[in-house]
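Because only heavy atoms are used, hydrogens play no part in the values below, and waters and symmetry mates are left out as well, while side chains stay in.
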Amino acid sequence: MKKLLLGIYIFMILFSCSNKENHTAVEEKTRQNVEYNNVLKDTILLDFDIMQVKVIFESDSILKWNVIDDDLVDFQTEKSQTLHLNKHSVITTWVETETDGDHITQFADFENNVVASVIRKKDGTIFTVSGTISENE
């Protein structure tokens, strides 16, 4: 599992390096820095171009999430696994058990307030999204 997460982390780095033109847009979208040591139990906002998601990291093994302006009103609670890469970056992975069964692996860099996710749909299709991290207002 650690080898898989490390492979995904390397992919994320390569993916982020290939998107240099988006770097300025990401900087403009990042309004507030999220302090990594305060992430647990706080609600953060992940802003992807296609959606905004509120996330609460209850622990390294439990997270709650909710898509803003979606039909799901309540937070969904998922069992997750988090790998701490350094004092600013984590990889978290989970399967959406309460909704559609998607498997998500997410790289979060709290120093630069960026997030990138690899999503594997139940039908086997895979896509990536990236965005910014900010405090929930």
Side-chain angles (χ1 to χ4, degrees):
M1 183 64 161
K2 286 186 179 181
K3 287 182 182 181
L4 173 65
L5 291 176
L6 182 59
I8 291 171
Y9 174 65
I10 291 170
F11 169 77
M12 296 289 196
I13 290 172
L14 294 175
F15 176 74
S16 68
C17 291
S18 69
N19 287 323
K20 290 295 183 190
E21 65 275 3
N22 292 334
H23 187 67
T24 303
V26 167
E27 287 176 353
E28 290 173 7
K29 289 173 102 177
T30 304
R31 288 175 256 134
Q32 301 169 339
N33 287 350
V34 175
E35 293 294 327
Y36 175 70
N37 57 351
N38 294 330
V39 166
L40 286 180
K41 307 288 186 181
D42 285 350
T43 303
I44 60 172
L45 180 67
L46 305 180
D47 188 358
F48 301 102
D49 287 335
I50 59 173
M51 68 183 141
Q52 291 183 323
V53 182
K54 291 180 186 177
V55 177
I56 302 171
F57 291 93
E58 288 288 318
S59 69
D60 282 346
S61 60
I62 300 288
L63 69 84
K64 294 182 177 183
W65 64 275
N66 189 11
V67 176
I68 296 175
D69 296 329
D70 197 6
D71 294 338
L72 300 172
V73 177
D74 297 326
F75 276 90
Q76 306 300 304
T77 301
E78 309 290 357
K79 291 182 180 177
S80 61
Q81 183 176 13
T82 300
L83 176 65
H84 296 263
L85 302 172
N86 58 41
K87 63 182 182 175
H88 302 290
S89 303
V90 297
I91 292 178
T92 302
T93 187
W94 69 95
V95 175
E96 293 180 356
T97 56
E98 296 185 30
T99 55
D100 52 14
D102 293 349
H103 179 258
I104 301 170
T105 300
Q106 188 171 83
F107 168 72
D109 176 350
F110 294 100
E111 184 173 35
N112 297 302
N113 294 324
V114 294
V115 60
S117 300
V118 176
I119 301 166
R120 182 182 184 279
K121 304 292 285 178
K122 197 172 187 177
D123 66 5
T125 58
I126 297 173
F127 65 96
T128 61
V129 292
S130 59
T132 59
I133 304 169
S134 63
E135 293 179 0
N136 185 46
E137 297 175 1

> Distance from Ser80 atom OG to Glu58 atom CD, nearest 0.5 Å?
10.0 Å
> Pairing donors with acceptors under 3.5 angstrom, does anything connect the side chains of Ser89 and Glu111?
no
> Hey, could you give me the CZ/CD1 distance between Phe110 and Ile44, rounded to the nearest 0.5 Å?
4.5 Å
> What pairs with Thr77 under side chain to side chain contact (heavy atoms under 4.5 Å, CB included), at least two apart in sequence or on another chain?
Ile62, Lys64, Glu98
> State the CG-OG1 distance between Asp60 and Thr92, to the nearest 0.5 angstrom.
7.5 Å
> Tell me whether Val67 shares a hydrophobic cluster with Val95, the cluster being built from Ile, Leu, Val, Met, Phe, Trp, Tyr side chains joined at under 4.5 Å.
no
> Indicate yes or no: at least one non-hydrogen side-chain atom of Asn112 is less than 4.5 angstrom from one of His88.
no
> As a test of understanding, state which of Ile104, Thr105, Val118 forms a side-chain contact (heavy atoms from CB on, under 4.5 Å) with Thr93.
Thr105
> About how many Å separate OG1 of Thr132 and CG of Asn113, when rounded to the nearest 0.5 Å?
8.0 Å
> So, for Phe48 and Gln106, which heavy atoms are closest and what is the spacing to 0.1 Å?
CZ-NE2, 4.1 Å
> Taking side-chain hydrogen bond (donor to acceptor under 3.5 Å, both in side chains) as the test, write out the residues that go with Asp123, two or more places apart.
Thr125
> Keeping the roles fixed (side chain from Ser117, backbone from Ile119), state whether a donor-acceptor pair exists under 3.5 Å.
no
> For Ile133 and Val114, work out which heavy atoms get closest and say how close.
CD1-O, 3.4 Å
> Here's a test for you: under side chain to side chain donor-acceptor pair (under 3.5 Å), which of Gln76, Glu78, Glu96 qualifies with Trp65?
Glu78
> Taking atom CG of Leu85 and atom CG of Asp109, what is their separation to the nearest 0.5 Å?
9.5 Å
> For the residue pair Lys79 and Trp94, what are the closest heavy atoms and their distance?
O-CB, 3.4 Å
> For Ser130 and Val115, indicate whether the former's side chain and the latter's backbone hold a donor-acceptor pair under 3.5 Å.
no
> For Lys122, what residues pass the salt bridge (Lys or Arg N to Asp or Glu O under 4.0 Å) criterion, not counting sequence neighbours?
none
